[in-house]
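Working notes, beginning with the structure itself.
All values below come from the heavy atoms of this structure, side chains included, with hydrogens, waters and symmetry mates left out.
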Amino acid sequence: EPAPDYEYIFQDVLPKGIVAALAAPGGKGKSMLALQLCVSAAIGKTILPSFTPSGPMKVMALLGEDAEEITRRRLHSMAQLYVLTTDEERLLNENLFLFPHQSEALMVKKRDALEQTPRCRWLRKFVHEHEIQLLVLDPKARWAILEENSNDQATAFVTCLEEIVKPIGGTVLITHHIRKESANSGSASGVRGASAFVDSSRLVITMVTPKKKSGDAVLNSANDDQSY
């Protein structure tokens, strides 16, 4: 029998049940893009080209850098820009769980082993209780407070996230940085830190600035030649 079709968070772009990365140099708008995707998924409405959600869903975002005031302003601006209906505003309030300006290690190294922290156990419980379909961690450095160049630790971190969402078929999207010297390459090989983070992530989306239109970000995706 043929294999069943993939299910998607965003049709033909972001599958369900994986850990994915959104990578770009600092200041390119990773956090803003991630928040836009959260809003789109929560209300089940396409607000960005190429990102069509499968429908309204429960979304959780742990925002490690931006203050609550900044996040509120961005959400207010989006509501005005995308002209949300009353029903869409209701869905946004019901489906989007934001935790701005919070960061805490999900795993720590003790002696020769990595252990999950109480914050990780809290996250697992929250995701399961609320049936979160899209979990966003922004940025990776705030939640994976490990040795950045350690392949073993990078693999363990991604595996931990996979185990959190696997029982409910959810997807994790982690924002991360690209090395300065690779800022405009658009290649997943330019992602900072251990190569195992890219290898363990089923999908890597990179943001680059095209030369002909400075300031406009372009998205590229790399998924180890696996066609979703």
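Clustering ILVMFWY residues whenever any of their side-chain heavy atoms sit less than 4.5 angstrom apart, transitively, puts F126 in the very cluster that holds V172. In terms of hydrophobic clustering, with Ile, Leu, Val, Met, Phe, Trp and Tyr side chains grouped at heavy-atom distances under 4.5 Å, L22 and M32 are assigned to a common cluster. L62 and V108 fall into different hydrophobic clusters, where Ile, Leu, Val, Met, Phe, Trp and Tyr residues are linked whenever their side-chain heavy atoms come under 4.5 Å apart, directly or through other members. Residues F197 and L114 fall within the same hydrophobic cluster, defined by Ile, Leu, Val, Met, Phe, Trp and Tyr side chains chained together at heavy-atom separations under 4.5 Å. Hydrophobic clustering of Ile, Leu, Val, Met, Phe, Trp and Tyr side chains at less than 4.5 Å, counting indirect connections, keeps L92 apart from V83.
Residues H177 and K30 meet the side-chain proximity criterion, which asks for heavy atoms closer than 4.5 Å. Looking only at side-chain heavy atoms (C-beta outward), L14 and L37 stay at 4.5 Å or farther from each other. With a 4.5 Å cut-off on side-chain heavy atoms, P15 and I9 do not count as touching. The shortest distance between side-chain heavy atoms of I47 and S40 falls below 4.5 Å. Looking at heavy atoms from C-beta onward, I132 lies out of side-chain contact with V165 at the 4.5 angstrom threshold. Counting only heavy atoms from C-beta outward, the side chains of P167 and H128 approach each other to under 4.5 Å. At least one side-chain heavy atom of E65 sits under 4.5 Å from a side-chain heavy atom of P139.
To the nearest 0.5 Å, atom SG of residue C160 and atom CD of residue Q116 are 4.0 Å apart. Of the inter-residue distances, the one linking K140 atom NZ with L146 atom CG reads 7.0 Å to the nearest 0.5 angstrom. Taking CG of L173 as the start and CD1 of I18 as the end, the distance is 9.0 Å to the nearest 0.5 Å. A distance of 9.5 Å separates CG of D87 from CD of E94, quoted to the nearest 0.5 Å. Between the CG atom of L123 and the CG atom of L137 there is a distance of 7.0 Å, given to the nearest 0.5 Å. Taken from CD in Q36 to CG in L75, the straight-line distance is 10.5 Å, to the nearest 0.5 Å.
Side-chain contact, S31 with D138: a donor N or O sits under 3.5 Å from an acceptor N or O.
Partners of E148 according to the salt bridge (charged side-chain N to carboxylate O under 4.0 Å, His left out) rule, which considers only residues two or more places apart in sequence or in another chain, are R192.
Summarising the geometry of R119 relative to E104, their closest heavy-atom pair is NE-OE1, 3.1 Å, with the distance given to 0.1 Å. Taking every heavy atom of both residues into account, G169 and Q133 meet most closely at O-OE1, 3.7 Å. K16 and S54 make their closest contact through CE-OG, 4.3 Å (heavy atoms, listed as atom of the first residue, atom of the second, distance). Counting all heavy atoms, side chain and backbone alike, A42 lies closest to V59 at N-CG2, 3.8 Å. Between M207 and K28, the closest heavy-atom pair is CE-O, 3.4 Å. Of all the heavy atoms in C38 and V136, the pair that sits closest is SG-CG2, 3.6 Å.
Counted within 6.0 Å of CZ on R72, heavy atoms from surrounding residues, nucleotides or ligands total 12 or fewer; the atom is thus considered open. Annotation: E131, atom CD; neighbour count of heavy atoms from other residues, nucleotides and ligands within 6.0 Å does not exceed 12.
Using cut-offs of 30° and 60° for the angle between ring planes, the H130 and F97 rings count as tilted.
Judged by distance alone, the side chain of T206 and the main-chain N or O of A24 form no donor-acceptor pair under 3.5 Å. Looking only at distances, a side-chain donor or acceptor of Q153 sits under 3.5 Å from a matching main-chain atom of E147. Judged by distance alone, the side chain of S195 and the main-chain N or O of N151 form no donor-acceptor pair under 3.5 Å. At distances below 3.5 Å, at least one donor-acceptor pair connects side-chain atoms of T171 with backbone N or O atoms of G17. Looking at K45, its side chain does come within 3.5 Å of a backbone N or O of Y82 through a donor-acceptor pair.
Between F99 and W122, the ring centre distance stays below 6.0 Å.
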Decide side-chain contact (heavy atoms from CB on, under 4.5 Å) for L33 and L48; before the verdict, give the C-alpha distance in whole Å, the side-chain angles of both, and the deciding distance to 0.1 Å. CA-CA 9 Å; L33 175 58; L48 292 173; 3.4 Å; yes

Could you walk me through whether S200 and V19 pass the side-chain contact (heavy atoms from CB on, under 4.5 Å) test, one step at a time? CA-CA 8 Å; S200 300; V19 173; over 6 Å; no

For side-chain contact (heavy atoms from CB on, under 4.5 Å), just list the numbers for L161 and W143, CA-CA rounded to whole Å, side-chain angles, deciding distance to a tenth of an Å, and then say yes or no. CA-CA 11 Å; L161 296 177; W143 304 96; over 6 Å; no

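Exactly one of M60, M57, K58 qualifies for a side-chain contact (heavy atoms from CB on, under 4.5 Å) with N95. That residue is K58.
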